[in-house]
Amino acid sequence: MAPKSLVLGALLIVAAAAASTARGAALGTSTNTSALISGVVPCAVGNSINLATVPIFPNASLQLVRAGKVVTSATADGNGVFVINLVGIARPMVSDLVTNGCKVVVLTPLGACDKSLAGAVGTLSAPLKLLGLDTGSGSGDIGGLVGGIVGIVIGLVNGILGGLINLGTQAFSFV
Ligand SMILES: *[C@@H]1O[C@H](CO)[C@@H](O)[C@H](O)[C@H]1NC(C)=O
Ligand SMILES: *[C@@H]1O[C@H](CO)[C@@H](O)[C@H](O)[C@H]1NC(C)=O
């Protein structure tokens, strides 16, 4: 895996290009982008919680939060699995979704899944990570480019982004 700083640097360069060319992009270009965010909620405290080593949090209620504002709410199932489906999202939202501008925040207190954690003070949350892209063309890529953050940002530049963005969560932390 490439060092995070390199990936981030590449992203920033592409994002800067996006910002400078967005104005010149055809204003009439209309896309209909959806996002599917899924994950498993852990029942644990700590930083970067490893899901493989802790119990799951059944029926947890949670929210997708963007810049301090609630985008939507969801509830995990009995296996701690949640799915959030966003339909017809605007480009700034797409951008925030793929560049760590959103997070999943669990509302249900940890005491609900483990009584010994009832006194824990903090909030369980996780940033998002990009899993893939389905443009509906079957290729999974935009313009022949390999999918991923850079591919999506190039999609934004070209105003061709549509289809479905698949996102998961990075590790949850309780802070
Ligand atoms: C956008 O896509 C969603 C899901 O495929 C669909 O339900 C909706 O009608 C579409 N909206 C427009 C304006 O095309
Ligand atoms: C989760 O919710 C389902 C449906 O309401 C319920 O049947 C199940 O017992 C709940 N699980 C836990 C561990 O609370």
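- The minimum heavy-atom distance between Cys102 and Leu64, with the atom names listed, is CB-CD1, 4.1 Å.
- For Asn100, the side-chain hydrogen bond (donor to acceptor under 3.5 Å, both in side chains) partners are Gln170, not counting sequence neighbours.
- Residues in residues 36-55 take part in no salt bridge (Lys or Arg N to Asp or Glu O under 4.0 Å) pair, two or more places apart or across chains.
- Put simply, the residue from Leu97, Leu36, Val98 that forms a side chain to side chain contact (heavy atoms under 4.5 Å, CB included) with Ile165 is Val98.
- Looking at heavy atoms from C-beta onward, Leu107 lies out of side-chain contact with Leu62 at the 4.5 angstrom threshold.
- Between Phe172 and Val106, the closest heavy-atom pair is CE2-CG2, 3.8 Å.
- Looking at Thr33 and Arg91, their side chains never come closer than 4.5 Å, going by heavy atoms from C-beta outward.
- Every pair passing side-chain hydrogen bond (donor to acceptor under 3.5 Å, both in side chains) that includes a residue from residues 58-69 is listed here, sequence neighbours excluded: Ser61-Thr108, Arg66-Asp96.
- Taking both residues in full, the closest heavy atoms of Gly80 and Ile56 are given as N-CD1, 3.8 Å, listed atom of the first, atom of the second, then distance.
- Once rounded to the nearest 0.5 Å, the distance linking OG of Ser38 with CG of Leu167 reads 8.5 Å.
- Taken together through direct or relayed side-chain contacts under 4.5 Å among Ile, Leu, Val, Met, Phe, Trp and Tyr, Leu124 and Leu117 form part of one hydrophobic cluster.
- One hydrophobic cluster holds both Leu164 and Val83 under the rule that ILVMFWY side chains link at heavy-atom gaps under 4.5 Å.
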Item to check | Verdict with supporting geometry, Leu86 and Ile37, side-chain contact (heavy atoms from CB on, under 4.5 Å) | outcome: CA-CA 8 Å; Leu86 302 174; Ile37 304 161; 4.2 Å; yes
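- Note on Val71 and Ile89: same hydrophobic cluster, where clusters join Ile, Leu, Val, Met, Phe, Trp and Tyr whose side-chain heavy atoms are under 4.5 Å apart, directly or indirectly.
- Between Ile49 and Ala44 the shortest heavy-atom distance is CD1-O, 3.4 Å.
- Within the structure, side-chain hydrogen bond (donor to acceptor under 3.5 Å, both in side chains) pairs that include any residue of residues 72-84 do not occur (at least two apart or interchain).
- Taken from CG in Asn47 to CZ in Phe174, the straight-line distance is 11.0 Å, to the nearest 0.5 Å.
- Listed here is the closest heavy atom pair of Pro58 and Gly78: CB-O, 3.2 Å.
- Atom-to-atom distance recorded for Cys43:SG and Leu51:CG is 11.0 Å, nearest 0.5 angstrom.
- Shown here for Phe57 and Pro109, the closest heavy-atom pair between the two residues is CZ-O, 3.5 Å.
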Item to check | Candidate pair Val40 and Phe82, rule side-chain contact (heavy atoms from CB on, under 4.5 Å), full reasoning | outcome: CA-CA 6 Å; Val40 178; Phe82 74 90; over 6 Å; no
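- Side-chain contact between Val175 and Thr123: absent, with no pair of heavy atoms (C-beta onward) separated by less than 4.5 Å.
- Hydrophobic side-chain contacts under 4.5 Å tie Val121 to no other Ile, Leu, Val, Met, Phe, Trp or Tyr residue.
- For residues 100-129, the set of pairs meeting the salt bridge (Lys or Arg N to Asp or Glu O under 4.0 Å) definition, not counting sequence neighbours, is empty.
- Using a 4.5 Å heavy-atom threshold, the side chains of Val104 and Leu128 count as touching.
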